[in-house]
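Residue numbering restarts at 1 for every chain, and letters A, B, ... go by the order of the sequence lines.
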Amino acid sequence: MNNMRFDEIAVDALEAHVKNVLTKEEITRLIETPKHAEHGDIAFPCFQLAKTYRKSPQQIAKELSEVCEHPFIEKFEANGPYLNAFLKRKLISKQLIEKVTQLSDHYGSAIDGIGARVVIDFSSPNIAKPFSMGHLRSTVIGNSLALLAEKNGCEPVKINHLGDWGTQFGKLIAAYKHWGNEAEVKENPIPTLLKLYVKFHKESEENPQLSIEGRGWFKKLEGGDLEAESLWKWFKDESLKEFEKVYQMLGISFDKVQGESFYNDKMEEVVKELSEKGLLHESEGARVVNLGEDQPPCLIEKTDGTTLYATRDLAAAIYRYKTYDFQQCLYVVGGEQQLHFEQIFQVLGMMGYDWNKKMTHVPFGLILKDGKKMSTRKGKVVLLEEVLQNAIDKAKDNMMEKNPELKNLEDVAKQVGVGAVIFHDLKNERLGSVEFDLEQMLKFEGDTGPYVQYTNARCQTILTKAERKGHMDKVSGLEDPYSWEVVKLLERFPTEVKRAFDLYEPSVIAKYLLKLSQAVNTYYGNVKILQGDAGEKDNKLALLKSVTIVLQEGLRLLGIKAPKKM
RNA sequence: GCGCCCUUAGCUCAGCAGGAUAGAGCAACAGUUUCCUAAACUGUAGGUCAGAGGUUCGAAUCCUCUAGGGCGCGCCA
């Protein structure tokens, strides 16, 4: 009977009285959370029962309200066609606070975790290009999914599948041979390489010969040409240094950095296998796998014998399955590549690999600029590093003004600034496209990361002031309406953690944290924590302690720090 | 042309295993600091849920169509 979820309590109370008509599952499905406090804590609509009972739903609600009872429920009330239940606030809050403070940061963790291995392919920036806003999404969503996987009892494997192979690098080498100079690249690697890349695309519009040249260089690169390889390696090393700066700012690390080039020596085998299985066909000089009547084929080898994205992804998938024996493999890649992944999964299936069902493309919406996709080729990029620095500077300005005597001000400014950017990216539904808006991203008020961090910091201050941490033996529960809203939200945390991972949606957590923060701030604004008699104070402090546990843990799952002071 | 996605308040978005009066934030306006951090709180104002049908006791939510926007669709990734 301990620690039941609210819906379980309701099912428990109702089951005996509607047993012949509805199953447990059906009751669970019907149960809902009322939107308005006057409708209680749990609601059960009686419309469906009306048919079988041949009574009005109002009548049924009334009758049920008279017979239902449950040790956790204060009262049942019929309100029109609804049966509303009011929980025993004191009892529930007592139990919940005890549970959260006992479990601490394990609250919400899956206890029946099976340790399933989940490979997550995310971030994957392209070398020789700036780490743009576009990659931010994959990076923060993927990182959060890894954290959520772990929280849900799985074992994540975080892979950074760098875009470090392909025709584009042949083109870059060609561009460098034409217009580049060593000193300039050394001085300012990424912007210089980007400039070369952009110039190449502009020039090749008038001079198609250039593209052919670029493809030639890629063929050399894939063939092991020393000059091509050393240039490529140089570009890659410079890029990795730049990326590392960004990952450090974001506080994100990987288990493996295995770019596309890692599969260079594994592709021949894949092509061979495809051929042996009779899947490879000649088409217009290239080699493809045909997929279906009205579907475009999957291109495996170009006319000149070099490989493509799809080839490398097939090799990567097979390698990963062999290496990790994963239960799930997630690709956190923009929605514009949906067709590509459909093709990859389909080809794997045709090769006889039924584990292709364990692979999922987790797409997300684009970051748009003026309603259009941002394009690297045209040089329209916004640098992530600059955005992060902007945010950090702004956080610092704020703190100089509000809390200048704060120690480690630099660190906290970083946590808040970066937190704002990450939260802004994660708070909206994954799939929606977002218009790039620096001003929005640097907002620290309202529905933002700093708002959540601030809520936590205020609670922390009170706890420090009260010098009460830990022993909550004297907790007896709370029943005022403000704390009740907080308690109800705290109770939901484990459910949200599960839902967020099931849906691959970090925004579920972000939205939850906003709701919790709002409820806490309302509480804080209306109730004086450090006033009242000792017992009352203990209860309020214990609640705040629970709040900080959940806020910190929730932020952590998004990859955001929770400073104690700000 | 085909496929996928999107359209809710002036702006950014919640709500969508159908349910009781469609919610936040920003912006606007009006308040709150002898009081635990005003990065906060309280209140006012703001909506034919793109449009039309359908299923249902009940639709922002499910189905169909229309309009508008976005993204893909053989040698880029």
> Counting only side-chain N and O atoms of A:Arg458, is one of them less than 4.0 Å from OP1 or OP2 of B:rA40?
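Looking at the OP1 and OP2 atoms of B:rA40, neither is under 4.0 Å from any side-chain N or O of A:Arg458.
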> Give a yes or no on whether the ring-centroid distance for A:Phe218 and A:Phe169 is below 6.0 angstrom.
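Aromatic pair excluded; centres sit 6.0 Å or further apart.
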> Between A:Lys24 and A:Glu26, is there a side-chain N and carboxylate O pair less than 4.0 Å apart?
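No, no charged N to carboxylate O under 4.0 Å.
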> Measure from CG on A:Asp397 to P on B:rA39 and round the result to the nearest Å.
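Interatomic distance, CG of A:Asp397 to P of B:rA39: 14 Å.
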> With a 4.0 Å cut-off on heavy atoms, is A:Glu260 in touch with a base, just the backbone sugar-phosphate, or nothing at all?
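Sugar-phosphate only.
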> Answer with base, sugar-phosphate or nothing: what part of the nucleic acid does A:Val527 contact at a heavy-atom distance below 4.0 Å?
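Base, at least one base heavy atom under 4.0 Å.
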> Can you tell me which nucleotide in B:rC13, B:rG72, B:rG74 comes closest to the side chain of A:Asn428?
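Within the option list, the nearest is B:rC13.
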> Between the side chains of A:Asn521 and A:Thr455, does any donor sit under 3.5 Å from an acceptor?
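There is such a pair (donor and acceptor under 3.5 Å, judged by atom type) between the side chains of A:Asn521 and A:Thr455.
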> Measure the distance from NZ on A:Lys35 to P on B:rA20 and round it to the nearest whole Å.
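Result: 3 Å.
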> Under 4.0 angstrom, heavy atoms only, what part of the nucleic acid is A:Leu299 near: base, sugar-phosphate, or nothing?
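Base, at least one base atom sits under 4.0 Å.
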> Quick one: is B:rA39 close enough that its OP1 or OP2 comes under 4.0 Å of any side-chain N or O from A:Tyr454?
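The answer is yes; a side-chain N or O of A:Tyr454 sits under 4.0 Å from OP1 or OP2.
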> For B:rG70 and B:rA50, measure between their C1' atoms and round to the nearest Å.
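Taking atom C1' in both B:rG70 and B:rA50, they lie 16 Å apart.
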> Compare the minimum distances between each of B:rA39, B:rC57, B:rG25 and the side chain of A:Phe444, then state the nucleotide with the smallest one.
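Closest nucleotide among those given: B:rA39.
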> Less than 4.0 angstrom between a side-chain N/O of A:Thr167 and OP1 or OP2 of B:rC76, yes or no?
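For A:Thr167, the contact criterion (side-chain N or O under 4.0 Å from OP1 or OP2 of B:rC76) is met.
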> Between A:Asp447 and A:Gly525, which has a closest nucleotide on RNA chain B that is more 5'?
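Counting from the 5' end, the first nearest nucleotide belongs to A:Asp447.
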> Picking from B:rC36, B:rG25, B:rG74, which would you name as closest to the side chain of A:Pro297?
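Nearest to the side chain of A:Pro297 among the choices is B:rG74.
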> Rounded off to whole Å, could you give me the NZ-to-C1' distance for the A:Lys528 and B:rA40 pair?
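About 11 Å, once rounded to whole Å.
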> Please work out if A:Leu308 contacts a base, only the sugar-phosphate, or nothing of the nucleic acid, heavy-atom cut-off 4.0 Å.
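Sugar-phosphate, no base atom in range.
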> A:Tyr512 ring centre to A:Arg492 NZ or CZ under 6.0 Å, with the angle to the axis within 45°?
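Verdict for A:Tyr512: no cation-pi partner in A:Arg492.
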> Ignoring backbone atoms, test whether A:Lys373 places a side-chain nitrogen or oxygen under 4.0 Å from the OP1 or OP2 oxygen of B:rG72.
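The answer is yes; a side-chain N or O of A:Lys373 sits under 4.0 Å from OP1 or OP2.
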> Select from A:Val416 and A:Phe44 the residue whose nearest nucleotide in RNA chain B is closer to the 5' end of that strand.
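Final value for this comparison: A:Phe44.
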> Report yes if a side-chain nitrogen or oxygen of A:Tyr197 is closer than 4.0 Å to either non-bridging phosphate oxygen (OP1 or OP2) of B:rA77; otherwise report no.
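So the side-chain polar atoms of A:Tyr197 never come under 4.0 Å of the phosphate oxygens OP1 or OP2 of B:rA77.
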> Going by an N to O cut-off under 4.0 Å, is there a salt bridge joining A:Lys537 and A:Asp533?
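Between A:Asp533 and A:Lys537 there is no salt bridge, as every charged N stays at least 4.0 Å from the carboxylate O atoms.
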> Just N and O in the side chain of A:Lys427: are any of them under 4.0 Å from OP1 or OP2 of B:rU12?
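Indeed not, no polar side-chain atom of A:Lys427 lies that close.
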> With the side chain of A:Thr522 defined as its heavy atoms from C-beta on, choose the nearest nucleotide among B:rU42, B:rA20, B:rA40.
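Minimum distance to the A:Thr522 side chain belongs to B:rU42.
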> Is the closest side-chain donor-acceptor distance between A:Tyr309 and A:Glu260 under 3.5 Å?
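A:Tyr309 vs A:Glu260: no donor-acceptor pair found between side chains.
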> What is the nucleic acid contact for A:Lys402, judged by heavy atoms within less than 4.0 Å: base, sugar-phosphate only, or nothing?
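Here A:Lys402 touches the bases of the nucleic acid.
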> Check this for me: does any side-chain nitrogen of one of A:Asp304 and A:Lys219 sit under 4.0 Å from a carboxylate oxygen of the other?
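Looking at A:Lys219 together with A:Asp304, the answer is no, because their closest N to O distance does not fall below 4.0 Å.
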> A:Asn398 near the nucleic acid: base, sugar-phosphate alone, or nothing, with a heavy-atom cut-off under 4.0 Å?
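The residue A:Asn398 makes base contact.
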> Taking only the P atom of each, what is the distance from B:rG46 to B:rG23 in whole angstrom?
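Nearest-Å result for B:rG46 against B:rG23 at atom P: 14 Å.
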> Establish, for the pair A:Lys266 and A:Phe262, whether the NZ or CZ atom is under 6.0 angstrom from the six-membered ring centre and no further than 45 degrees off its axis.
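Relative to the ring axis of A:Phe262, which defines the angle, A:Lys266 lies inside both limits.
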> Under 6.0 Å from the six-membered ring centre of A:Phe200 and within 45° of its axis: does the NZ or CZ of A:Lys171 meet both?
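Not flagged: A:Lys171 not positioned over aromatic ring of A:Phe200.
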> Once you apply a heavy-atom cut-off of 4.0 Å, does A:Glu38 come out as touching a base, just sugar-phosphate, or nothing?
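Base: the residue A:Glu38, judged by heavy atoms under 4.0 Å, touches a nucleobase.
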> Would you mind classifying the nucleic acid contact of A:Gln337 as base, sugar-phosphate or nothing, using non-hydrogen atoms under 4.0 angstrom?
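Touches a base.
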> So, is A:Thr448 close to the B:rG25 phosphate, meaning a side-chain N or O under 4.0 Å from OP1 or OP2?
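Checking B:rG25 against A:Thr448, no side-chain N or O comes under 4.0 Å of OP1 or OP2.
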> Once you apply a heavy-atom cut-off of 4.0 Å, does A:Ala457 come out as touching a base, just sugar-phosphate, or nothing?
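A:Ala457: base contact, heavy atoms under 4.0 Å.
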> What is the nucleic acid contact for A:Asp164, judged by heavy atoms within less than 4.0 Å: base, sugar-phosphate only, or nothing?
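No contact.
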> Looking at the angle O4'-C1'-N9-C4 for a purine or O4'-C1'-N1-C2 for a pyrimidine, is B:rA17 syn or anti, with syn meaning within 90° of 0?
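Classified syn.
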> Between B:rC13 atom P and A:Glu439 atom CD, what is the distance in whole Å?
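Atom CD in A:Glu439 sits about 15 Å away from atom P in B:rC13.
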> Can you confirm if the aromatic rings of A:Tyr176 and A:Phe235 lie within a centre distance of less than 6.0 Å?
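Yes; A:Tyr176 has its ring centre under 6.0 Å from that of A:Phe235.
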> If I take atom CD in residue A:Gln346 and atom C1' in nucleotide B:rG74, what distance separates them, rounded to the nearest angstrom?
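Atom-to-atom, A:Gln346 to B:rG74, this comes out as 16 Å.
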> Reckon A:Gln440 touches a base, only the sugar-phosphate, or nothing at all at heavy-atom distances under 4.0 Å?
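A:Gln440: no heavy atom of the nucleic acid under 4.0 Å.
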> For B:rA59 versus B:rU48, give the span between their C1' atoms, rounded off to a whole number of Å.
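It works out to 15 Å between them.
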> Quick one: label A:Lys515 by what it contacts on the DNA or RNA (base, sugar-phosphate, nothing), any heavy atom closer than 4.0 Å.
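Result for A:Lys515 = nothing.
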> Rounded to whole angstroms, how far apart are OH on A:Tyr451 and P on B:rA40?
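Computing the A:Tyr451:OH to B:rA40:P distance gives 7 Å.
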> Would you mind checking if A:Arg320 and A:Asp121 are paired as a salt bridge, meaning a charged N to carboxylate O distance below 4.0 Å?
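Salt bridge between A:Asp121 and A:Arg320, a charged N being under 4.0 Å from a carboxylate O: yes.
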> Considering every strand and a 4.0 Å limit on heavy-atom distances, what is the contact class for A:His36: base, sugar-phosphate, or nothing?
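Base, at least one base heavy atom under 4.0 Å.
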> Quick one: which of B:rC71, B:rC57, B:rG74 gets closest to the side chain of A:Ser283?
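My answer, after comparing the listed nucleotides, is B:rG74.
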> Nearest to the side chain of A:Thr461 - B:rU37, B:rA20, B:rA14?
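Among B:rU37, B:rA20, B:rA14, the one nearest the side chain of A:Thr461 is B:rU37.
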> Check the distance between B:rC26's C1' and A:Leu442's CG and give it to me in whole angstrom.
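A:Leu442 atom CG is separated from B:rC26 atom C1' by 14 Å.
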> So what's the dot-bracket for RNA chain B: Watson-Crick or G-U pairs under 3.5 Å, [ ] if a pair crosses, | if it pairs off-strand?
(((((((..((((.....[...)))).(((((.......))))).....(((((..]....))))))))))))....
> Which listed nucleotide (B:rC16, B:rA20, B:rC71) is nearest to the side chain of A:Ala43?
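Minimum distance to the A:Ala43 side chain belongs to B:rA20.
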> When you check the gap from the basic side-chain N to the acidic O, do A:Lys540 and A:Glu536 get nearer than 4.0 Å?
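Looking at A:Glu536 together with A:Lys540, the answer is yes, because their closest N to O distance falls below 4.0 Å.
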> Under a 90° cut-off about 0 for the syn range, is B:rG43 syn or anti?
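Anti conformation for B:rG43.
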> May I have the distance from A:Ile127 (atom CD1) to B:rA77 (atom P), rounded to whole angstrom?
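It works out to 13 Å between those atoms.
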> Please state the C1' separation for the pair B:rU56 and B:rA24 - nearest whole angstrom.
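After rounding to an integer number of Å, I get 30 Å for this pair.
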> For the side chain of A:Gln518, counting heavy atoms from C-beta on, which of B:rG25, B:rA14, B:rC36 is nearest?
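Nucleotide nearest to A:Gln518's side chain: B:rG25.
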> Examine B:rC76: is either OP1 or OP2 under 4.0 Å from a nitrogen or oxygen in the side chain of A:Arg215? Give yes or no.
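Checking A:Arg215 against B:rC76: at least one side-chain N or O falls below 4.0 Å of OP1 or OP2.
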> If you take atom types as modelled and just measure distance, does the side chain of A:Asn84 reach the base of B:rA20 with a donor-acceptor pair under 3.5 Å?
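In this structure, the two groups form a donor-acceptor pair.
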> Heavy atoms only, 4.0 Å cut-off, all strands: where does A:Pro363 land among base, sugar-phosphate and nothing?
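Contact class for A:Pro363: none.
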> B:rA20 base stacked by A:His39? Criteria: ring centres under 5.5 Å, plane angle under 30°.
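According to the criterion (under 5.5 Å, under 30°), yes, A:His39 stacks.
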> Between B:rC16 and B:rG10, how many Å separate the two C1' atoms, rounded to a whole number?
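To the nearest whole Å, 25 Å.
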